[in-house]
Amino acid sequence: MTHIVEMKGMNKYFGKLHVLKNIDLTVEPGEVVVIIGASGSGKSTLIRCANGLEEYESGKLIVDGHPLAPKGGNQKALAEIRKEVGMVFQQFNLFPHLTVKKNIMLAPMKVKSTPETVANATAERLLNRVGIGNQADKYPSQLSGGQQQRVAIARALAMEPRLMLFDEPTSALDPEMIGEVLDVMRELAKEGMTMMVVTHEMGFAREVADRVIYIHEGQIVEQGKPDDVFDNPQNERTQAFLSRVL
Ligand code: ADP
Ligand code: MG
């Protein structure tokens, strides 16, 4: 079976700063991996590497069978990976001048040459799926944060990704909107989507993750099933972190 993500001895620097240290990580089809750790530990950089948004300096990275060599890899592999990996950010990053529906239609039409009628039908289906079918013709600024983030998820799904990356998708939301976004993610996980999720929502991690990874100063220092990591952390760094956040 092909791993969806395979990182081996991966190192990433920003100038002299060694941000990811010898990362060994594989993600299997259908797996939900939640990445936790303190601010600045390298969580965003790690998942941004998984779709080639960040280059890495040494080691190995293969995404859904496409090897992406260090220092930018080759453009063909990068293009393939971008097509197959959806990403949702803390800031929703919707196009403000496009309606909700057009936001979702854009990438399939541009990148995959999907006919407009097909893209339109897909967008409507996805908007219903994330519970905002009635918002299709509004502009992002007319929606709440929770609704905008659900549009962002629908937009990523429109490309039929093999892997979804989430970087703190609920951190910019008012508390009352966090649940509606986590619900959509929970459904996606149930349907078998492969996901890498950076989040501080420990309840979600415990419930939805197949595996929790704790990263400290650019190193994976502990990983395991959520109940094991949360209830019985082995590494003292993990223990200290969890005692601060739980
Ligand atoms: P996290 O998501 O866990 O908060 P990041 O992956 O964003 O951590 O950052 C890891 C480290 O890399 C931090 O020290 C951060 O300041 C640094 N860093 C992140 N992005 C850049 C960048 N584009 N240029 C230089 N340093 C960066
Ligand atoms: Mg981050």
Side-chain angles (χ1 to χ4, degrees), residues 5-27 32-61 63 68 70-73 78 81-82 85-94 145 148-149 152-153 156 163-175 177-178 181-182 185 195-206 208-209 211-224 226 229-230 233 235-246:
V5 179
E6 182 176 5
M7 297 172 168
K8 228 174 162 100
M10 212 179 72
N11 289 282
K12 160 81 187 162
Y13 296 79
F14 284 117
K16 283 189 179 148
L17 185 66
H18 196 178
V19 189
L20 295 178
K21 299 170 184 161
N22 223 15
I23 298 288
D24 289 327
L25 171 63
T26 54
V27 180
V32 177
V33 175
V34 168
I35 298 154
I36 60 173
S39 175
S41 57
K43 305 179 298 298
S44 293
T45 306
L46 178 67
I47 65 165
R48 288 165 64 86
C49 282
N51 72 345
L53 270 180
E54 299 285 356
E55 307 179 358
Y56 64 104
E57 271 64 44
S58 65
K60 195 167 96 171
L61 170 64
V63 183
L68 189 63
K71 304 192 177 76
L78 194 58
I81 289 168
R82 292 272 169 82
V85 182
M87 180 139 184
V88 175
F89 302 87
Q90 180 175 338
Q91 302 300 338
F92 327 121
N93 294 348
L94 298 173
Q148 289 187 56
Q149 193 59 301
I153 294 172
L163 167 70
M164 283 283 284
L165 307 175
F166 292 88
D167 192 359
E168 300 197 29
T170 60
S171 294
L173 297 177
D174 292 334
M177 294 172 188
I178 292 175
V181 172
L182 294 180
M185 294 169 64
M195 298 166 50
M196 293 175 76
V197 183
V198 176
T199 186
H200 298 291
E201 296 292 331
M202 298 299 160
F204 173 86
R206 191 190 276 270
V208 179
R211 185 153 43 116
V212 172
I213 288 179
Y214 174 68
I215 177 164
H216 175 78
E217 293 178 358
Q219 275 181 300
I220 295 175
V221 301
E222 181 149 2
Q223 58 177 309
V229 172
F230 288 128
N235 185 286
E236 63 185 42
R237 302 283 191 190
T238 322
Q239 290 164 6
F241 175 76
L242 290 175
S243 71
R244 290 198 303 274
V245 300
L246 285 181

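One-based numbering, in listed order, for ligands and for the atoms of each.
With ligand atoms numbered from 1 in the order given, ligand 1 contributes 4 (O) to contacts under 4.0 Å with heavy atoms of S39. Remark: ligand 1 atoms within the under-4.0 Å shell around heavy atoms of A38 are 3 (O). The distance from ligand 1 to the heavy atoms of V19 drops below 4.0 Å at these ligand atoms: 10 (C), 11 (C), 12 (O).
Nearest protein neighbour of atom 3 (O) of ligand 1, counting heavy atoms only, is K43 NZ, 2.7 Å. Nearest protein neighbour of atom 4 (O) of ligand 1, counting heavy atoms only, is G40 N, 2.7 Å. Regarding atom 19 (C) of ligand 1, its nearest protein heavy-atom neighbour is F14 CE1, 3.4 Å. Of the protein's non-hydrogen atoms, S44 CB, 3.7 Å is the one closest to atom 7 (O) of ligand 1.
Judged purely by atom type and a 3.5 angstrom limit, N11 uses its side chain to pair as donor or acceptor with the backbone of G9. Side chain of K12 to backbone of E55: a donor-acceptor contact under 3.5 angstrom is found. Judged purely by atom type and a 3.5 angstrom limit, Q149 has no side-chain atom pairing as donor or acceptor with the backbone of Q91. In this structure a side-chain-to-backbone donor-acceptor pair under 3.5 Å is present from R82 to N51.
Protein heavy atoms are absent from the space less than 4.0 angstrom from atom 15 (C) of ligand 1.
Proximity of L17 to ligand 1, defined as any heavy-atom pair under 4.0 Å, is confined to the side chain (atoms from C-beta onward). The proximity of T45 to ligand 1, defined as any non-hydrogen pair under 4.0 Å, involves the side chain as well as the backbone.
Side-chain atoms of S171 and Q90 include no donor-acceptor pair closer than 3.5 Å.
Taking each heavy atom of T199 and I36 in turn, the nearest pair found is O-CG2, 3.7 Å. Scanning both residues, K43 and H200, for their nearest heavy atoms gives CE-CE1, 4.4 Å.
Residue side and main chain included, T45 places no N/O/S atom under 2.8 Å of the Mg ion (ligand 2).
In this structure, Y13 and H18 have parallel ring planes: the angle between them is below the 30° cut-off, well short of the 60° mark.
Considering backbone and side-chain atoms together, G42 places an N or O closer than 3.5 Å to an N or O of ligand 1.
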